[in-house]
Amino acid sequence: MSSERPKVEKTSNSSAVSLSDLSEWKELLKHRERLDHVSLRELFAADEGRAEQFSLQQGNWWLDYSKNRMDRQVLDALLAVADAVGLQGHIEALFSGQRINRTENRAVAHMALRSPAEKGFEVDGEDVSAAVHHVLSRMESFSERLRSGEWKGYTGRRIRHVVNIGIGGSDLGPRMASAALASYADPSLKVTFVANVDGEDLRSALRSLDPEETLFIICSKTFTTSETMTNAESARNWLLASLKDEAAVSSHFVAVSTNRTKVVEFGIDASQMFEFWEWVGGRYSLCSAVGLSLMVGIGPARFFEMLAGFHSMDEHFRLAPFSQNMPVLLGLIGVWHASVLGYETHCVVPYAEALRDFPSYLQQLDMESNGKRVDEQGQTLKVQSGPIVFGQTGTNGQHAFFQLLHQGTHQVPCDFIGFSRSSREADLHHDILMANFLAQTKALAFGRSAQEVESAGVSSGLVPHRTFPGNRPTNTLLAPSLTPYSLGELIALYEHKVFVQGSLFGIDSFDQWGVELGKSLAQDILPAIVEKDSLRSPQDSSTQSLLDRYLRQR
Ligand code: G6Q
């Protein structure tokens with residue numbers, strides 16, 4: 001087995017040879033047939049040490065990947081594929097701040113955001129750590145002024161509510177992490193998130209808020225995103241309707257952006273802008289100033305603990321041999337499922353209510369990164385790329401879509417994420433939660449055979465309905481508790497898992513051209529709506545008739 005990291009020259013994230021042409025890939029495919037009729041029951045029966053062999057500890061996280069339909073030979077074949085595509089070189093290119101986002105000609109360096117100041121981090125040949133830590137300390141002093149009450153609203157009242165206005169990468173990360181770490185938050189300072197351009201989102205956030213005690217963080221890398229700018233304008237109107245003085249804006253608005261000109265044009269002083277950089281992708285931006293609302297909520301010390309958790313997973317990913325490398329293993333298992341076995345979906349189920357937004361966060365991270373159909377050279381992929389990601393917290397999901405996971409015709413690989421201790425006090429709730437956590441992966445893996453159902457006295461007509469085929473693959477991730485540090489480790493684990501998969505597919509995981517077309521068509525259609533002139537620009541017959549109907553009914 002390939003357990004040592006091979007020496008590979010630094011390369012950018014591009015594979016000259018496509019995955020499916022590699023002899024190592026062809027070798028891997030042979031195992032699909034070999035394992036086709038081998039069940040997880042048989043795999044476990046054949047090897048008493050299976051759980052131990054297919055498990056790994058990294059930092060706070062224990063990964064048990066033994067309940068996947070694979071064996072040592074499959075793992076070796078996957079590791080050989082990783083070596084053959086030059087994954088080691090791709091990782092080195094990532095950590096040396098190269099322009100691996102080829103289609104946008106940008107460096108990718110979110111690891112710089114959580115790297116300790118003294119270590120230095122080069123992006124495009126320039127050490128960015130001083131700039132990163134300068135912004136972090138500005139965030140720290142702003143958060144402390146807000147939390148201590150030193151920062152006052154325009155009328156001299158203390159700020160009690162912070163509203164983060166942003167969307168996509170400028171929303172999902174801080175929103176998810178704020179919910180995850182709510183037990184660390186200061187209850188006297190409430191942080192709310194507004195993303196949707198549907199006015200109901202902003203209205204319901206503002207409904208119970210007092211403008212004199214509310215501060216808005218306008219969070220947008222470009223400061224041109226239509227949803228965010230529309231919400232930001234409406235928020236400013238709401239504030240001014242009550243405070244009636246333009247001068248009030250500076251006490252109630254700060255910005256997080258890369259675009260100083262647009263921030264100033266909006267009316268926020270440049271001194272109240274928290275900067276980040278082009279080399280931070282939206283969905284990888286939680287550790288930048290995009291995390292300001294989170295830092296305000298949980299305090300700088302907890303935020304820095306989270307960064308340390310991220311950094312420890314970064315170092316593990318960069319240095320550990322592939323066979324002991326958690327993000328690499330998760331990535332390879334995902335490729336085995338999606339691209340070899342043809343399982344099109346991937347489900348993530350956190351058994352922690354605090355992680356309720358984690359599936360949506362992961363959905364963007366994975367699907368926007370690896371939902372691509374051509375490789376970096378523009379060639380159509382010959383293998384299935386990233387899966388459709390979905391999920392919900394346990395146990396809620398058990399009472400909703402788990403039926404299909406257990407007995408449906410689809411195979412849905414799942415990640416189960418749980419904690420040994422609850423983030424509040426230990427109680428029976430947590431034990432019940434975790435009993436379900438353990439039971440579900442067991443049921444999915446081993447099922448219940450027709451024979452077992454019959455011997456339990458079930459009438460023969462019901463036997464097929466009450467049989468569970470089992471053999472449904474899962475990974476289990478277990479940590480002692482949900483802390484800023486373990487959350488940082490977890491997010492970085494998935495970021496790097498996604499990178500591993502993108503590297504194998506040979507795609508650009510850091511662009512997102514797929515979101516552009518719909519945006520520009522909306523810009524085309526909006527004037528027709530505003531001017532009530534449905535014939536303003538030519539539409540296909542379906543869009544035209546829907547537009548006409550909308551204009552009649554609005
Ligand atoms: C993430 C995407 C996207 C982006 C939003 C918001 O990787 O690029 O989700 O974060 O479109 O963009 P702005 O931060 O520029 O408003």
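One-based numbering, in listed order, for ligands and for the atoms of each.
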Test applied, ring pair (Phe, Tyr, Trp, His ring centres under 6.0 Å); reference residue, Tyr351; option that passes from Phe358, Phe419, Phe416: Phe416
Parallel, tilted or perpendicular: rings of Phe142 and Phe274 (30°, 60°): tilted
Parallel, tilted or perpendicular: ring planes of Phe317 versus Phe499, cut at 30 and 60 degrees: perpendicular
Aromatic ring proximity, centroids under 6.0 angstrom, Tyr361 and Tyr494: no
Neighbour count >12 (heavy atoms, 6.0 Å) for atom NZ, Lys152: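 Counting other residues, nucleotides and ligands, NZ of Lys152 exceeds 12 neighbours.
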Per-ligand residue contacts, ligand 1, heavy-atom threshold under 4.0 Å: Ile167, Gly168, Gly169, Ser170, Ser220, Lys221, Thr222, Thr225, Gly282, Arg283, Gln364, Glu368, Gln512
Ring-face cation contact, Phe216 with Arg236, 6.0 Å cut, 45° max: no
